[in-house]
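Residue numbers start at 1 and run along the sequence shown. What's counted below: heavy atoms across the whole structure, side chains too, no hydrogens, waters or symmetry copies.
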Amino acid sequence: MNQVDALSHRDRDPVASSAPLWWSLLYFFCLLCGYYVLRPVRDAMGASNDAATVFPHAMIAWAQAHGWQLKDFVLQVLFTATFVSMVLLQPVYGALVARFPRRVFLPVVYVVFIACLFGFHWAFDTAVPGRGMVFFVWIALFNLFAVTVFWSYMADVFDDAQARRVYGYIGAGGTAGAVIGPMLTQWLVQPLGVANLLLVSIGFLSVCVLCIVRLRPWAMARERRQGLASGEAAMGGSVWAGLKLVWQRPVLRAMAVTLFFSVGAATLLYNQQAAIAREFYPSAVAATAYFARIDSAVNVLAILTQLLLTRWLLNRHGVAPALLMPGLTLLLGFGVLLASPVPVMVAIVQVLQRGSEFALAKPARETLYTRMDRPSRYKGKAVIDTAVFRGTDLAFAWVHKGVALLGTQAVFAAGLLAALGMTAGAWSIVRAQRRLPGAHRSSELPSSDRSSEPQSARGES
């Protein structure tokens, strides 16, 4: 019996046989730890009042010649550059997925990011002008593409029933990395400096590559056991196929709409938080430490939720509560901000928004991909997580700039509307996913819709 056949018999349940669970957990831990070591550096760049640190000298001179002060439009320019870069790289990612098998394109994604970090280490060490803008854009690309690839791979390794049991644990492992990452930044930024923090992140990403290789046999075993298309062969198809899939498939379309409003609300909060940081934390080191504290609070909330609530919700009640609760929480949060728009409440609502997204909405959405085909998991998902995400970031960065002219409460009113749209979109996902193949339909229904179902149909013991 070869290794793949042995695994297919031995590892039908990754909870009973913990090897794929632990490798996946280690993978996500290292990925998010490496990212969150870098995120406070990126946030400090976005909140900087020093245009010369963020933008190239030629760009500053061009803006001044046309009557602009770039320091007044830092986030708007950075989000615009991020979106343009995302649009340009989307077909490159599509070509990689279409033309190369999983064993090639997954490691290549991370090796490219590692090589870029070595380049950024040199740029920060030598204080290259414009490094802040390039780094800000690159971090956004890294976060979306690297995390998207991770969850797509998890949907290759685990089926729907397994995902409901292990995604909460895997998410908690990632959140543990996201807790430790900002702590490392707080401890190391003073003695090591910003440039050497990038080397710490490189070490974590190198472990991710090892985990990809070690998980491959379990992905192959699941595909053979369930008769799925093999990820060891190139997927083929157009590099733009993901856009078509999102338009044609109701559940992907619902996910895109939900993400639009979710990211819109988050962007309004983030930009308001950046304005607070510019006022109270003018230096790069102070701003980096401030954003690291916010990240730590977010991730402590997320890991507690993942360990105590997420797995129980997904197993007992399906995806509906996990999808709906973040939107309802955000509705309450923006309502409180309209009544009491003080800076500390902005930080609290941001912690609640990001924590509930990471711990509840994200795992719930990712379990649905286990019931979709590989083009939806790798192509359609990539469009939603990259182009839709960053397009929304861009749109709401400029919305914030305009609405902020009307006052802080106008920003929170716009956020309340976005939270309403997010909640409605989450409900549309709940309805659309019932038509996915292999659905455990009864466990996905809200309690009001399950009352007429017999106990045996609900899978209750």
Side-chain angles (χ1 to χ4, degrees), residues 12-16 18 20-22 24-25 27-28 32 147 150-176 178 222 251-252 254-255 258-259 262 299 301-329 352 354-372 376-377 381 385 422-423 425-450 453 455 457-461:
R12 294 178 186 274
D13 186 351
V15 176
S18 61
L21 170 59
W22 283 107
S24 300
L25 194 151
Y27 180 178
F28 205 29
L32 289 195
V147 175
F150 168 81
W151 284 113
S152 296
Y153 195 27
M154 292 301 97
D156 283 353
V157 175
F158 302 107
D159 63 27
D160 179 42
Q162 295 167 343
R164 291 168 187 254
R165 291 196 294 275
V166 303
Y167 273 17
Y169 295 132
I170 294 171
T175 306
R222 184 204 165 192
V251 68
L252 293 178
M255 286 183 173
T258 304
L259 194 66
S262 174
N299 293 313
L301 173 63
I303 196 169
L304 290 175
T305 305
Q306 286 162 331
L307 291 175
L308 300 176
L309 184 62
T310 303
R311 180 177 181 270
W312 176 80
L313 272 181
L314 291 177
N315 270 318
R316 181 66 179 82
H317 299 287
V319 298
L323 288 170
L324 292 169
M325 286 171 64
L328 296 174
T329 300
L352 291 173
R354 288 172 55 195
S356 62
E357 167 65 20
F358 297 157
L360 296 174
K362 182 72 172 175
R365 291 196 303 267
E366 297 304 336
T367 64
L368 298 181
Y369 284 106
T370 65
R371 289 152 51 191
M372 302 183 200
S376 293
R377 295 202 297 265
K381 176 175 168 51
D385 289 356
M422 173 186 171
T423 305
W427 178 247
S428 68
I429 296 176
V430 173
R431 293 174 61 87
Q433 59 84 33
R434 298 172 189 171
R435 297 189 291 272
L436 287 175
H440 298 280
R441 293 177 60 87
S442 60
S443 65
E444 301 295 345
L445 297 175
S447 57
S448 60
D449 290 336
R450 297 197 304 158
E453 298 262 328
Q455 184 173 2
R458 287 184 247 159
E460 299 173 357
S461 58

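In terms of heavy atoms, A320 sits closest to V430 at CA-CG2, 3.7 Å. Between Q433 and R371, the shortest heavy-atom distance links the atoms O-NH2, 2.8 Å. Residues I170 and S24 come closest through the heavy atom pair CD1-CB, 3.7 Å. L324 and A426 make their closest contact through CD2-CB, 3.9 Å (heavy atoms, listed as atom of the first residue, atom of the second, distance). T305 and L301 get closest at one heavy-atom pair: OG1-O, 2.9 Å. Heavy atoms only, all atoms of each residue included: A322 and A364 are closest at CB-CB, 3.7 Å.
Among D156, L252, V251, the one residue that satisfies the side-chain contact (heavy atoms from CB on, under 4.5 Å) test with Y369 is L252.
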For L304 and T175, what are the C-alpha separation, side-chain angles and deciding distance, and is it a side chain to side chain contact (heavy atoms under 4.5 Å, CB included)?
-> CA-CA 9 Å; L304 290 175; T175 306; over 6 Å; no

Full working for side chain to side chain contact (heavy atoms under 4.5 Å, CB included) between M154 and Y27 = CA-CA 10 Å; M154 292 301 97; Y27 180 178; 4.3 Å; yes

Side chain to side chain contact (heavy atoms under 4.5 Å, CB included) between R365 and M255: does it pass, once the steps are laid out?
-> CA-CA 8 Å; R365 291 196 303 267; M255 286 183 173; 4.3 Å; yes

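At least one side-chain heavy atom of V147 sits under 4.5 Å from a side-chain heavy atom of L32. Residues W312 and H317 have side chains in contact (heavy-atom distance under 4.5 Å, counting atoms from C-beta outward). Within the 4.5 Å cutoff, side-chain heavy atoms of I429 are placed close to those of L368.
Between W151 and F28, the ring planes lie perpendicular to each other; the angle is over 60°, past the 30° to 60° tilted range.
Expressed to the nearest 0.5 Å, how far CD of E366 lies from CZ of F158 amounts to 13.0 Å. Rounded to the nearest 0.5 Å, atoms CG (L323) and CG (L328) are 11.0 Å apart. Here CG of N315 is found 11.0 Å from OG1 of T310. Values are rounded to the nearest 0.5 Å.
When atom types are taken as modelled, the side chain of S262 and the backbone of M422 share no donor-acceptor pair closer than 3.5 angstrom.
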